[in-house]
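Every value quoted in this text rests on a predicted model; they were computed, and no experiment measured them.
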Amino acid sequence: MDVPVTIPRTHKKVVHSRNREYHLFVSIPAEAPPPEGFPVIYLLDANSVFGTMTEAVRAQSRFPERTGVYPAVIVGIGYPTEMPFHIQRHYDFTSPVPLSELPASPDGSEWPEQGGAAYFLDFLEDEVKPMIEKEFPVDPKKQTIFGHSLGGLFVLYALFSRPYSFQNYIAGSPSIHWNERVLLERERAFTGMLEEKKTIRLFIGLGELEACHPSQLSKKAAELYERLSLLKDQNVWVTYREFPDESHISVLPVLISQGIRFASKKIGQPQPSV
């Protein structure tokens, strides 16, 4: 008899906010939570990568002393679709800018609705996080946000807008060129928002083959890394990785594997070798 295949200890919630529907995919560790609660990873574009991240954490956290990965609650923010990506991500992950500032559409058509990043960040902060913290044993001092491409752009937007909403920010192949002017403005304001005794950690990762993209994604990401690396004395710690032989999409599995290790690692702790 054929039966559906499911990922153990996961479930989905349907949430409506501002007349938009979201599907929240939640993964809960089998282990007992530590006294302070589990770390929590908020994952964008969950329809495409929730399963990959859940299984990566589940497998690697079996031996944390060797892998550096500890059990974590994973909260994937997805959409009402069975496809990897949903058109609504264009609105949720971008800032409002004139159409003249957007890159040209490959097929010449108009881009989907843009400019809802502020609302989406409010949704995460005011609706998703309180719901998760009420229902699950999570540690609000160990929060990570993970996004790729436009999702990586949103991770940077969240970092520069509310620096201490999360402790760890993972921006994969961030589409800086999409909202570059607005992002640079927010980056300049960001330095004035830093607090002396609080730490921020950012991981920027992308595929080596992305250097060929006309958007200059690799160049812009590397330049951002260089600028933010100057903020160590203000407790901003930045890691940058280019993964060999990987492209914009193929980089996702290795980005996830490296990202979850980054989220578990303490500042100054060496990366596990096994």
Ignoring hydrogens, what is the shortest heavy-atom contact between [X] and [Y]? Give both atom names and the distance.
| X | Y | result |
| --- | --- | --- |
| Ser218 | Tyr240 | O-OH, 3.7 Å |
| Gly115 | Thr94 | N-OG1, 2.8 Å |
| Gly207 | Val251 | N-CG2, 3.7 Å |
| Val40 | Asp139 | CG1-O, 4.4 Å |
| Glu55 | Pro8 | OE2-CD, 4.4 Å |
| Gln143 | Ser165 | NE2-O, 3.3 Å |

Could you walk me through whether Glu101 and Arg181 pass the side-chain contact (heavy atoms from CB on, under 4.5 Å) test, one step at a time?
CA-CA 9 Å; Glu101 294 188 23; Arg181 176 183 56 81; 2.9 Å; yes
Donor-acceptor pair between [X] and [Y] side chains, under 3.5 angstrom:
| X | Y | value |
| --- | --- | --- |
| Glu210 | Ser173 | yes |
| Ser149 | His248 | yes |
| Gln114 | Ser95 | no |
| Ser161 | Arg186 | yes |
| His90 | Gln88 | no |

Go through Glu135 and Val26 one step at a time and tell me if the side-chain contact (heavy atoms from CB on, under 4.5 Å) criterion holds.
CA-CA 11 Å; Glu135 295 189 27; Val26 183; over 6 Å; no
Return yes if some donor-acceptor pair links the side-chain N/O of Thr67 with the main-chain N/O of Val69 below 3.5 Å, else return no.
yes
Give a yes or no answer on whether the side chain of Asp45 reaches the backbone of Gly147 with a donor-acceptor pair at less than 3.5 Å.
no
Salt bridge or not between Lys141 and Glu36? Use side-chain N to carboxylate O under 4.0 Å.
no
Looking at Asp122 and Arg162, is there a salt bridge between them, counting it only when a charged N and a carboxylate O are closer than 4.0 Å?
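Salt bridge flag = yes for Asp122 with Arg162.
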Interatomic distance, [X] atom [atom1] to [Y] atom [atom2] [nearest 0.5 angstrom]:
| X | Y | atom1 | atom2 | result |
| --- | --- | --- | --- | --- |
| Phe25 | Thr10 | CZ | OG1 | 9.5 Å |
| Thr54 | Leu43 | OG1 | CG | 7.5 Å |
| Lys232 | Thr199 | NZ | OG1 | 13.0 Å |

Run the side-chain contact (heavy atoms from CB on, under 4.5 Å) check on Leu252 and His148 step by step: do they pass?
CA-CA 8 Å; Leu252 276 166; His148 171 261; 3.6 Å; yes
Check against side-chain hydrogen bond (donor to acceptor under 3.5 Å, both in side chains), Arg9 and Ser27:
CA-CA 6 Å; Arg9 302 185 63 81; Ser27 170; over 6 Å; no
Kindly indicate whether a cation-pi arrangement holds for [X] with [Y], taking the cut-offs as under 6.0 Å to the six-membered ring centre and within 45° of the axis.
| X | Y | value |
| --- | --- | --- |
| Arg201 | Tyr169 | no |
| Lys129 | Phe123 | no |
| Arg20 | Tyr91 | yes |

Taking the side chain as everything from C-beta on, heavy atoms only, tell me whether [X] gets closer than 4.5 Å to [Y].
| X | Y | answer |
| --- | --- | --- |
| Trp111 | Trp178 | yes |
| Tyr42 | Phe146 | no |
| Phe136 | Ile28 | yes |
| Ser61 | Tyr70 | no |

For Phe120 and Phe93, I'd like to know if the aromatic rings sit close, meaning centre-to-centre distance below 6.0 Å.
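Between Phe93 and Phe120, which both carry aromatic rings, the centre distance is below 6.0 Å.
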Could you tell me whether Tyr22 and Tyr79 have their ring centroids closer than 6.0 angstrom?
yes
[Y] reachable from [X] in the ILVMFWY side-chain graph, under 4.5 Å edges:
| X | Y | answer |
| --- | --- | --- |
| Ile145 | Val15 | yes |
| Val57 | Val254 | yes |
| Ile176 | Leu230 | no |
| Leu183 | Leu102 | yes |
| Phe85 | Ile77 | no |

Return yes when atom OH of Tyr164 has more than 12 non-hydrogen atoms of other residues, nucleotides or ligands closer than 6.0 Å, and no otherwise.
yes
Would you find more than 12 non-hydrogen atoms of other residues, nucleotides or ligands less than 6.0 Å from Arg62 atom CZ?
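No - once you tally the heavy atoms of other residues, nucleotides and ligands closer than 6.0 Å, there are 12 at most.
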May I have the step-by-step check of side-chain contact (heavy atoms from CB on, under 4.5 Å) for Leu153 and Val155, ending in yes or no?
CA-CA 5 Å; Leu153 172 68; Val155 167; over 6 Å; no
Residue that, paired with Ile200, satisfies side chain to side chain contact (heavy atoms under 4.5 Å, CB included) out of Leu159, Asn168, Val238, Asn235
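Filter result, single survivor: Leu159.
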Apply the test side-chain hydrogen bond (donor to acceptor under 3.5 Å, both in side chains) to residues Ser247 and Glu208: give CA-CA distance (whole Å), side-chain angles for both, the deciding distance (0.1 Å), then the verdict.
CA-CA 7 Å; Ser247 65; Glu208 177 189 42; over 6 Å; no
Evaluate salt bridge (Lys or Arg N to Asp or Glu O under 4.0 Å) for Glu31 paired with Arg58, printing each intermediate quantity in order.
CA-CA 10 Å; Glu31 296 84 354; Arg58 194 159 70 105; over 6 Å; no
Under the rule for side chain to side chain contact (heavy atoms under 4.5 Å, CB included), what residues qualify as partners of Glu187, not counting sequence neighbours?
Phe160, Leu184, Leu224, Arg227, Leu228
For Lys220 and Glu223: C-alpha separation, side-chain torsions, deciding distance, then whether salt bridge (Lys or Arg N to Asp or Glu O under 4.0 Å) applies.
CA-CA 5 Å; Lys220 295 179 188 298; Glu223 290 173 346; 5.9 Å; no
Please work out which of the three classes, parallel, tilted or perpendicular, describes the rings of Phe243 and Phe203, given edges at 30° and 60°.
parallel
